[in-house]
Amino acid sequence: MVGDCVAKDSYPDGNITWYRNGQVLLPVDGVVNVEWWKEKNSTSGLHNMRSTLEYMSTKEDINAQFSCAVIYYIPNALATMESDPAVFDIYYPTEKVTIHVQSPKKTIKEGDNITLKCIGNGNPPPEEFLFFLPGQEEGIRSSSAYHITDIKRNATGDYKCSLLNKIMIASTMVTVHYLDLSLTPSGEIIKQVGDSLSVSCIPSASKNVSVTWMKNQKILAQPSFSNLQYRDSGIYECETSLMEVDGLRRKKTLRLTVEGKPRIKLSKKTNADGKSKTILYEVDGFPKPEVQCVRLGNDLYLNKTEETTLSNGKYSAKIIISPEENVTIICSAENKLGREVHSLNVSASDNNDHAKLIVGIVVGLLLAALVAGLAYWIYIKKSGSTSKHVGKELGNTEENKKLEENNHKSEA
């Protein structure tokens with residue numbers, strides 16, 4: 001029985017019609033049954049009408065609006081009056097249950113909080129269910145919502161719920177994502193120059209992931225150290241992430257320091273002014289060696305220029321000197337691992353090489369001129385003696401000729 005519709009005191013009489021959601025309800029055997037009654041007041045002459053509706057409801061009738069209306073004729077028109085609509089509760093048992101996961105994010109990672117929601121489609125809906133966790137045969141009695149906090153990776157599996165009578169079981173798969181990263185070795189590592197170092201970075205995750213290496217904020221390939229050098233020192237980072245899972249990222253750090261004993265090398269060159277010399281030293285080692293240079297004999301430290309950083313942990317600096325005599329420069333490099341000393345002989349004569357070359361040329365030219373003059377003088381002296389002897393012989397010959405002529409004349 002849905003309702004009883006009554007229309008009173010109309011004239012003339014009319015007809016009562018039933019509606020469902022604004023659509024006319026017509027009688028259908030076993031589904032819709034409508035009955036009518038009419039009566040006329042003998043005193044007033046007015047009409048009273050009454051109709052009842054019996055209706056076989058279904059789940060589709062939830063929130064359906066039922067109403068009735070009376071229609072009667074007046075001269076040249078129709079008059080209508082409608083009732084207020086009525087909504088009825090439709091009850092039916094649960095025929096299906098469903099389960100789903102309520103999470104603030106699309107994916108679930110280790111440490112998240114989730115809620116399992118179990119729903120039955122009956123009206124009224126069931127208020128209690130049994131929840132079955134992965135690997136458990138006994139259900140946990142709970143309301144329609146089952147909360148799990150700080151979920152762990154081993155909670156991955158098939159979750160189920162059912163009515164209390166364990167029929168109509170629903171299930172859903174829950175995957176708890178996780179990401180671990182193991183770096184060996186890690187932290188602060190100190191090695192010696194020339195040592196080898198094996199480094200491994202291994203991820204463990206709910207899905208396949210790749211590893212990215214960085215050194216001093218720059219991407220590089222998997223590092224391998226078979227012969228460590230000073231340039232290998234730095235901060236190495238191994239990083240990996242699950243792109244599908246928001247916020248799931250791991251990073252490990254290795255701080256590598258390569259140490260070594262000091263090594264120093266000395267060299268020299270003459271400057272363009274020809275008077276001064278530049279002593280150049282190159283040194284490597286770590287911790288950074290302290291370098292001191294002295295002139296042998298007076299043990300005074302020599303001033304050096306600002307150090308210049310070279311490749312692979314090397315440093316260099318210059319010392320400018322103008323020695324007036326031959327000197328020996330001694331330089332030492334020292335750190336906590338050791339000390340190395342080297343010396344360099346600097347000749348004062350080397351400072352006047354250009355002047356000596358000019359003097360040498362001049363002296364050579366003077367010697368050559370002297371030798372040439374001496375040779376010429378000897379030659380002249382020899383030439384004069386020969387001329388006098390020849391003239392003497394010529395004079396004697398002429399005198400003999402004159403004597404012979406005089407003798408001829410006398411004879412004649």
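Being a predicted model, the structure only gives us computed values, none of them experimental.
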Run the salt-bridge test on [X] and [Y] with the 4.0 Å N-O cut-off and return the result as yes or no.
{"X": "E128", "Y": "R141", "value": "yes"}
{"X": "K336", "Y": "E259", "value": "yes"}
{"X": "K59", "Y": "D61", "value": "no"}
{"X": "R263", "Y": "E340", "value": "no"}

Would you kindly say whether [X] and [Y] are connected by a side-chain donor-acceptor distance under 3.5 Å?
{"X": "Y281", "Y": "E307", "answer": "yes"}
{"X": "K277", "Y": "T270", "answer": "yes"}
{"X": "W18", "Y": "S51", "answer": "yes"}
{"X": "N345", "Y": "T328", "answer": "yes"}
{"X": "T52", "Y": "D4", "answer": "no"}
{"X": "S144", "Y": "K117", "answer": "yes"}
{"X": "N121", "Y": "T94", "answer": "no"}
{"X": "E60", "Y": "T58", "answer": "yes"}

Exercise for the section: State yes or no: are the ring centers of Y55 and F88 separated by less than 6.0 Å? Expected result: no
Exercise for the section: Compute the ring centroids of Y146 and F132, then answer whether they are less than 6.0 Å apart. Expected result: no
Handout entry: N63 CG: over 12 foreign heavy atoms closer than 6.0 Å
Key =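 Check fails, neighbour count at 12 or below.
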Handout entry: Neighbour count above 12 (heavy atom, 6.0 Å) for Q23 CD
Key =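 No, because the 6.0 Å sphere around CD of Q23 holds 12 heavy atoms or fewer from other groups.
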Could you tell me whether a side-chain N or O of [X] sits under 3.5 Å from a main-chain N or O of [Y], the two making a donor and an acceptor?
{"X": "K38", "Y": "G14", "answer": "yes"}
{"X": "N21", "Y": "Q65", "answer": "yes"}
{"X": "S241", "Y": "M243", "answer": "no"}
{"X": "S311", "Y": "K314", "answer": "no"}
{"X": "T253", "Y": "E237", "answer": "no"}
{"X": "D180", "Y": "S204", "answer": "no"}
{"X": "T156", "Y": "V176", "answer": "yes"}
{"X": "D195", "Y": "L228", "answer": "no"}
{"X": "T115", "Y": "Q102", "answer": "no"}
{"X": "N216", "Y": "I235", "answer": "yes"}

Practice task
Using a 4.5 Å cut-off on heavy atoms from C-beta on, say whether the side chain of I320 contacts that of N271.
Solution key: yes
Problem - V209 vs L242 side-chain heavy atoms within contact, under 4.5 Å - result: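 When only atoms from C-beta onward are counted, L242 and V209 do touch, with a gap below 4.5 Å.
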Practice task
Apply side chain to side chain contact (heavy atoms under 4.5 Å, CB included) to the pair R339 and V341, showing each step before the final yes or no.
Solution key: CA-CA 7 Å; R339 184 171 183 262; V341 180; 3.4 Å; yes
Handout entry: N326/S347 under side chain to side chain donor-acceptor pair (under 3.5 Å): CA gap, chis, key distance, verdict
Key = CA-CA 4 Å; N326 295 343; S347 176; 3.0 Å; yes
Practice task
State whether Y178 and K109 meet the cation-pi test: NZ (Lys) or CZ (Arg) under 6.0 Å from the six-membered ring centroid, and within 45° of the perpendicular axis.
Solution key: no
